[in-house]
Amino acid sequence: MKLNVKISGLLLLISLIFVLSACGSTESEAKSGSEPSAEKKVLRVGSSGIYPPFISVDADGKAQGYDVEVLELVGEALGYEIEWTFAEFSGIFGMLDAGQIDTVANLIAMTDERRAKYDFSTPYAYSGATLVVHEDNEDIKSIEDLKGKKVGVLLGNNLHQFLEKWNEENGNEIIITPYQDVSGTYNEVALGRLDAFIDVKITAASRIKNEGLPLKLYGEEYLINFDYGFPFVRSEENQEFLDAFSAEVQKLQDNGTLKKLSDKWSAIDVTIPHEK
Amino acid sequence: MNFDFQYMISLFPKIIEFLPIVLYIGTLSFLSAIVFGMIFAVIINNKIPVLYQVLLVIISYFRGIPTLIQIFIFYFGLPQLFPSLSSINAVTAVIIALSLRNAAYLSEVFRSAFLAVDKGQYEACISVNMTKWQALRTVILPQVTRIAIPPSSNYYIMMIKDTSLAFTIGVVDMMARAKLEAAVTFKFLEAYLMVGIIYWVISVILQFLQSKLEAYVEKPYKKEAAK
C-alpha cells in the first residue's frame, strides 16, 4: 500500500509538471501571437469558408469570393493584412466573442438580435430569404403555405431565427428541421424528405444551378429583406477602426467597385439597397 | 447515377495534406490520455482521500458530456470566465479536451486491467523476496499492459476520428478540407466518401499495428505453450 502511495505521489508530480509546462507554453504563444499582429496590423477574419459565391476556398485552400475581395480592398486602404480562420459556422461567433478573430466574413445579416450585441460596418450587400422547393412543387407560393410542411434551416443562422419567430406568431404549424451544416440539405428537398429549405436567394440560385438537382425557387419575392455587414465586438477601441472601415465600404459602394465585384461573383446584383 | 468518381480521386491529395494534423492531435491526445488515465486509475484504486472524490466528479463530467460540448466549454466558455485563458490556441484546446475526456474512459480500462491481475500474484512475488517495485515491473505491469492493449487501441482509433470535431473551433483538418472543397463544387457525397475512405485506411493500419503489438506482448505466453 505504501508503495502505491509513493507511485501515485510521483505520478501526481509528473502530472503537475505536465500541466504547468502546458500553461507556460500557452503563455509564451500568446505573447508571440499578439505582439507582431499589433505591429503588422493584421485583421483576423473568421468564416465557415462554405458560403459561395461570397466565401469559399479555391483549389490551393485560399479564400475567394465577394466577401473576400471586399475585405481585401478595405484592408488595403486601411493598411491591414487579412488573416483567415475557417471554422464550423456554429463556432464562429464564439471565436468572435473570445477575441480569437476580429470580424466575420460569412454574409452576416444585420439582424436586430445581432445589432444588440455587435457593432456592424456599413452594409456591403443586400439580399433576402427565399425558399428552395422541388421543381414539381406547386403548393408553396408564400410563407403561409409552409404550414404543416417540413422546412429545413441552417442551425443558428438568421433565417432559422426568422422562421422560428414567424412560426411562433402564426400558430407553430411549420415543422422546422435544423441542420448542422448545409451539405446535404438540398438533397433532402430533392429526395422529398423536406418540403422546402430556407436560404439566401443568391446562394440558392447558384447552388440549384451548380448542383443539378430537380429544385427551384418558390418565387421571386423575398420572405424577408436583409442588409449584410461585418460584425465587430463592441468596444471603444474598435469604434474608431470601425468608422474608418465603414467609410471605406461606403467609398467602394459609391464608386461602383462593389457593383463590379457583385457582377463578378454573383448572378444577382447584391449592391442595391432595400427600399425602406 | 450522379457521381463524379474522377472528382473524388482528385480530392485525395488535397485531403491527405491534412493527415499530419489529424495524426498529431490524435496521437498526442492519446499519449497524454494514457498518462492521465494511469494517474486517475491509481488514485481510484487506492481511494486516495480528497483526490479520489474530486476525481469521481471530474470523470463523471468527462464521461457524461458530449465531446463537442466539452471542446466548446473549454475553448469558448473558459476564456469568457477567465480572459487570460483566451490565449490558448485551438489545437492546444482540442488536445487538452480530447486527452482529459479519454483519460476518464481509459482510467476505467486501466483500473479493470489492474483488477484482472490476481492479488495473489503480488503476494507471491513478495513471498519470494522481490521488492515491491520488482513485483510491479516484472510481474504485474506486463500482464496489465497485455490486458489493456485491445481496449486502449479502440480509444486511439476513436480519438483519431474525433479530431474531426476540431473544425468547430477553427482547426482545418481532413474533414474540414473536404467540406470546404465540397462547398464550391456541391459534390458533398464524393468529398465525404473520400474522407471516409482515408479514415478507414488509417484505422486498418492502426489495427494492424495493434495486432503486432499484441503479438509482441503475447510472446512469453507462446513460449510457455511451446514447452
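Reminder, nothing fancy here: chain letters follow the sequence lines and each chain counts from 1. None of the values given here were measured: they were computed from a predicted structure.
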Taking all atoms of both residues into account, what is the closest heavy-atom pair of Ala98(A) and Phe76(B), and its distance? CB-CD2, 4.4 Å
Residue part contacting chain A, namely of Ile169(B), when any heavy atom lies under 4.5 Å: backbone
Side chain, backbone, both or neither: which part of Asp58(A) has a non-hydrogen atom closer than 4.5 Å to chain B? backbone
Verify the neighbour count for atom OH of Tyr24(B): are there more than 12 heavy atoms of other residues, nucleotides or ligands below 6.0 Å? no
Relative to chain A, which of Tyr192(B), Phe188(B), Phe72(B) shows the most heavy atom pairs under 4.5 Å? Phe188(B)
Note: Leu180(B) and Ile50(A) closest approach over all heavy atoms is CA-CG2, 3.8 Å
Counting heavy-atom pairs under 4.5 Å to chain A, which of Glu17(B), Arg177(B), Lys14(B), Glu181(B) comes out on top? Arg177(B)
Only pairs at least two apart or in different chains count here, so list each side chain to side chain donor-acceptor pair (under 3.5 Å) that has a residue in residues 88-100 of chain A. Glu88(A)-Lys179(B), Ser90(A)-Gln180(A), Asp97(A)-Lys117(A), Asp97(A)-Tyr118(A), Gln100(A)-Tyr75(B)
Listed partners of Lys264(A) passing salt bridge (Lys or Arg N to Asp or Glu O under 4.0 Å), at least two apart: Glu69(A)
Considering residues, nucleotides and ligands other than Arg115(A), do more than 12 of their heavy atoms fall under 6.0 Å from its CZ? yes
Quick check on the interface: out of Gly212(A), Gly184(A), Pro53(A), Gly61(A), who has the most heavy-atom pairs with chain B under 4.5 Å? Gly61(A)
Among Ser56(A), Pro52(A), Gly46(A), Ser206(A), residue most engaged with chain B (heavy-atom pairs, under 4.5 Å): Pro52(A)
If you look at every heavy atom in Thr85(A) and Gly170(B), which pair is closest and at what distance? CG2-O, 4.1 Å
